[in-house]
Amino acid sequence: MRKLLLQGLLKAPLTEKGPDDAAVEALARELDAAARARLGRSLSIREVDAGSCNGCELEIHALGNAFYDLDRFGIRFVASPRHADVLLVTGPVAKNMAEALKRTYDATPGPKWVVAAGDCAINGGVFAGSYAVTDGAAAIIPVDLKIPGCPPTPVDLLTGLLALLKAGKG
Amino acid sequence: MVNLSDLFARNGTLCRPWPRVSVNEAEWTGLCTELAAGRLTLSALFGDRIQGDLGAVHMALLEEATGRLALASLPCPTGAFPSVARHHPPAARLERTIRDLFGLTPVGAPDLRPWLDHARWGVRAPLGAATPDAGAGEAYPVLPVEGEGLHQIPVGPVHAGIIEPGHFRFSAYGETVVRLEERLGYVHKGMESLMAGRAPEEAARIAGRHSGDATVAYALAFCRAVEAARGVAVPERAHALRGLMAELERLANHLGDIGAICNDAAFAIMLAHCGVLRERVLRASARAFGHRLMMDRVVPGGVAQDITAEAIAGMKALVAEVRRAFPALVRLYDETASLQDRTVSTGFTKPDYVRQFGAGGFVGRASGRGFDARRALPYPPYDRLPFEVPVRSDGDVNARVWVRIREVEESLGLIIRLLDTLPKGDITVPVPAGGGEGVALVESFRGDVFAFVALESDGRVRRAHLRDPSWFQWPLLETAIEGNIVADFPLCNKSFNCSYSGVDL
Ligand code: SF4
C-alpha cells in the first residue's frame, strides 16, 4: 500500500488535458466564469437511467477515472435530485420508467437543466418504435442539451457538459 | 419418463446445433420433474407464437455432465401450459414473463403476479394477442412479511449511484435484513418485438444492446445462433477476433468491477487504480476495433473490422501493462485487513442454490459450480485454447472477487495466445438468406448467454430470444443478503453485478 501511494506521488498524473484541443480548454476556462456566476463554481448532476442498455452508464462512470477526472471541473454526481442542478438522462425512456423520471425531475429544484445523453435518450435510438418506450426523454421532460453517441465517449460527455455551462442556459 | 436422450433420439425440427422437439403435456411435466431432481439444468424458458396465433412455450435443458443441450416445445392451443415453477422454482420469473409478453398462463404456478408488465405499455400481451390497455399503471403487491419489530425499507427504482433502475424492498429487524424482495422490469424496452421481422444484421444491433456491458457476448450469441440456423461456417480469423473481443470485454468488466466492489467497501484507491487499467483496455479496444465497448463489431458471418499490426502491438503493450500493475493491486486487496473484514463471509451464496438455479459466471464459480460455456460446450476459438476455469467454494463477496481476479489473469493469457496464433484470411462470409433455427450458448463476463433464433424463409428474424445469465443470479442475491446488515447490500449487490437491462428485455 505504501509503495502504491508513494508511486502515486512520484509519477506524473494520468489526468489528461481535458477533451482534445485548445477549444475545450477555453471552454473549461469559460466554465469557470459561467459556473461562478450562476452556480458558485460547481455543477451537481443527478444521473437517471430511464431504460438504457447500461452502455451509457459505463462511459458516464469512466468520467470519474484518473484520465478524465470530472471533479477537477467542479462537476460532480450527487445521490439525490434535491441536490442536483442537472439531470443526465440515458435510455429511450422505458414506459415503466416514465413516472420515476418525471418525479425525479419534479424533485429537482430550479434552476435546472436536462441533458439527454446517448442516441436512446435523444430519439429512442435502436429501440425507437417499440411499444414499451417513449422514443426519448423529451416526451416526458424538457431537454436542454443532447449529447449523441451510442454510447457517447467520455470526451463527448465532458465536452457536452462543459458546453452546457458555456451556453449559460437557465 | 422422458429425459434428454429421448429428446435427442427423436426427429426434431431443423434446429442446430442442438435439437428442438415437440412434446406433449405429460412429457413436459416429466421434464420438469427431471429439473426438480437436479438431473437437468434449466437454461431458458420462453414463449412463442407459431403458425399464426397458436401460442407455444420452449424450454432449453442442459445436461451438465455431458455438455448436451436440447429444447422441448409445447404448443398451447388453450393458451395455458403446465407450470414449470411449480416443480422447479428457478422458472418462476421466466414464466411470469411469458405470461406478461404472450398472455400464456402457467397452470399451477406458485406466483402469478406480473413481472415485466407494470401496466404502463398501453397494451397487454404485446407479443401475443396484444390487447389495448389504459396504461395507467397498477400497484404491485409485494410479498407480505410479518413479525414484531420488523420494518420495511423501499429503495429505488432511481438509486443513489450511477446504476440501473430496480426496486428493492428490504424487510429488516434492526440492521439485519430478514428478507429482500426484488422488483424489476423498469427498463423493459420490448427488445424481442423489435428484433422480430428484421434482417439478422439489424437484429444483431439490438441483440448487442440487451446489456451494454456484455455487448460482445450478446452479439456473438445471436450471430452464432443465426450462423447455426443457416449452416454457415465463419472464417478462422473471425473466430479468433471474436474471442479476442470477448476476452477484452471480460477483462474490462472484471477490472472495473473489482475496483467498484472495493469502493463499495469504502476503499477508493482500488477503484482509482483499477479504473485506470479498465480505461486502458477500452482505449486499446477502440484502437483495434473502432469502438470502446466494441458494439456492432461482431456481425452475422464474422466481424466488422480487422485488426492492424499496430493495434496488435498496442494490445500486447496493454497486456504487459496490466500484468505489471495488477499484481500489486491484488496484493493490496489481499493484505488490507479492513477491506477483507468487509468482503470475507459477507453475502454468502449457498452452493445448493447455485446448482439448483444453474447460476453461471463468477456467482456460480465462487460457490462451487464450475460451469463455463467456453469449456462445457466449447465453441471456437476456445476449443483450441488452454485456459483454467477458477472455482471456489466459499461463496462470499471475497470468493467472487477472487474468481474475477483469477479470470483477469486467464483472459490476459488468452489474449496473448490469440494474438500470437491469429489465423490469416477473411474476417467475414456472407450469410445466405433463408429459413432455419439456431441455438447458441456463449460465456459473457457475467455467465452464459443463451440465444435462440428462428428465421423465416426470406431470412428475416421470426423469433429471437436471448436469456441473460442474471435470470438465475438475481434470485440468489435475495438469499445472499439474508442475515447481513442493510449497509452491506451495495457490496453484495456489486459483487453479483447482475444486469437489469438484460433481464428486463
Ligand atoms: S445510446 Fe447506445 S449505449 Fe446508450 S443506452 Fe442507448 S443503446 Fe445503450
Side-chain angles (χ1 to χ4, degrees), chain A residues 1 3-5 7-8 14 45-69 77-81 88 90-101 103-104 107 118 120 124-134 150-151 153-154, chain B residues 116-118 120-123 126 130 135 137 156-165 185-191 193-194 202 205-206 208-213 215 252 256 260 269 271-273 275-276 278-279 282-283 286 292-293 295-296 328-329 331-332 335-336 499-502 504-505:
Chain A
M1 171 112 150
K3 201 163 145 228
L4 268 179
L5 288 173
Q7 278 176 357
L14 290 169
I45 304 177
R46 170 66 256 186
E47 197 267 349
V48 183
D49 173 343
S52 127
C53 77
N54 81 25
C56 280
E57 278 60 38
L58 294 175
E59 294 297 53
I60 293 170
H61 261 291
L63 285 174
N65 76 34
F67 292 90
Y68 306 108
D69 188 17
F77 288 97
V78 294
S80 165
L88 185 64
T90 65
V93 188
K95 289 185 182 167
N96 286 353
M97 267 306 285
E99 185 186 335
L101 175 62
R103 284 213 214 171
T104 306
C120 283
V126 301
F127 307 113
S130 159
Y131 62 86
V133 309
T134 68
C150 182
T153 63
Chain B
L116 297 183
D117 187 354
H118 294 193
R120 300 279 183 183
W121 303 331
V123 58
V158 178
H159 297 285
I162 303 169
I163 63 167
E164 299 181 77
Y186 290 94
V187 294
H188 176 76
K189 295 179 270 295
M191 291 191 277
S193 82
L194 288 168
E202 278 177 62
R205 292 169 54 83
I206 298 164
R209 284 164 178 79
H210 271 56
S211 188
D213 50 12
T215 181
I269 186 174
L271 177 67
H273 284 275
V276 166
R278 177 185 156 86
E279 178 69 21
L282 298 189
R283 289 179 175 201
R292 285 161 57 88
L293 305 179
M295 269 176 173
D296 308 324
L329 300 177
R331 263 197 313 282
L332 179 59
E335 290 169 5
T336 305
S499 176
Y500 298 67
S501 183
D504 282 355
L505 297 172

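Order of the sequence lines fixes the chain letters, A, B, ..., with proteins taken first and strands second; residue numbering starts at 1 for each chain. Small disclaimer: the values here were computed from a predicted structure and weren't measured.
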Inset, instruction - Side chain from CB out, backbone as N, CA, C, O: work out which of these in B/His273 comes under 4.5 Å of a heavy atom of chain A, or both, or neither. - result: side chain
Inset, instruction - To the nearest 0.5 Å, tell me how far A/His61 NE2 sits from B/Glu279 CD. - result: 13.5 Å
Legend entry - Heavy-atom pair count under 4.5 Å with chain B, highest-scoring of A/Gly55, A/Gly91, A/Pro151, A/Ser130: A/Ser130
Inset, instruction - Could you tell me which portion of A/Phe77 (side chain, backbone, both or neither) has an atom closer than 4.5 angstrom to a non-hydrogen atom of chain B? - result: side chain
Legend entry - Contact leader toward chain B among A/Asp49, A/Leu58, A/Asn54, A/Leu14, where contacts are heavy-atom pairs under 4.5 Å: A/Asn54
Legend entry - Contacting moiety of B/Ile162, where chain A heavy atoms sit under 4.5 Å: both
Legend entry - Rounded distance (nearest 0.5 Å) linking atom SG of A/Cys53 with atom CE of B/Met295: 4.0 Å
Legend entry - Spatial distance of atom CZ (B/Arg209) from atom OG (A/Ser52) [nearest 0.5 Å]: 11.0 Å
Legend entry - Greatest number of heavy atom pairs closer than 4.5 Å to chain A - which of B/Gly161, B/Gly156, B/Ala272: B/Gly161
Inset, instruction - With a 4.5 angstrom heavy-atom cut-off, could you sort out which part of A/Arg103 is near chain B: side chain, backbone, both or neither? - result: neither
Inset, instruction - Below 4.5 Å from any heavy atom of chain A, which atoms of B/Thr215 appear? Answer side chain, backbone, both or neither. - result: neither
Inset, instruction - Please name the pair of heavy atoms, one in A/Lys95 and one in B/Trp121, separated by the smallest distance, quoted to 0.1 Å. - result: NZ-O, 3.3 Å
Legend entry - Derivation of the side chain to side chain contact (heavy atoms under 4.5 Å, CB included) call for A/Val126 and B/Leu194: CA-CA 9 Å; A/Val126 301; B/Leu194 288 168; over 6 Å; no
Inset, instruction - Could you tell me which of B/Gly122, B/Ala130, B/Pro165, B/Gly137 has the largest number of non-hydrogen atom pairs under 4.5 Å with chain A? - result: B/Pro165
Inset, instruction - Over all heavy atoms of both residues, which pair between B/Gly185 and A/Asn96 is shortest? Give the atoms and the distance, please. - result: O-ND2, 2.8 Å
Legend entry - Region of B/Ser211 in contact with chain A, defined by heavy-atom distances below 4.5 Å: both
Inset, instruction - Write down the atom of A/Met97, the atom of B/Tyr186, and the distance for their closest heavy-atom approach. - result: CG-O, 3.2 Å
Inset, instruction - Please determine, among A/Gly124, A/Ala79, A/Pro81, A/Ala128, the option with the most heavy-atom pairs under 4.5 Å with chain B. - result: A/Ala79
Inset, instruction - Provide the closest heavy-atom pair for B/His159 versus A/Arg46 in the form atom of the first, atom of the second, distance. - result: O-NH1, 2.6 Å
Legend entry - Segment of B/Leu116 engaging chain A (4.5 angstrom heavy-atom cut-off): backbone
Legend entry - chain B contact via A/Val78 - which portion, at a heavy-atom distance below 4.5 Å: backbone
Legend entry - Max heavy-atom pair count under 4.5 Å with chain B, selected residue of A/Ala132, A/Ala94, A/Pro92: A/Ala132
Inset, instruction - Measure A/Cys150 against the heavy atoms of chain B and call it side chain, backbone, both or neither at under 4.5 Å. - result: both
Inset, instruction - With side chain to side chain contact (heavy atoms under 4.5 Å, CB included) as the test, would you mind laying out the steps for A/Glu59 and B/Leu282 before giving the verdict? - result: CA-CA 10 Å; A/Glu59 294 297 53; B/Leu282 298 189; 4.0 Å; yes
Inset, instruction - Taking the six-membered ring for Trp and the single ring otherwise, decide whether the centroids of B/His188 and A/Tyr131 are under 6.0 Å apart. - result: yes
Legend entry - Part of B/Val123 within contact of chain A (heavy atom distance under 4.5 Å): side chain
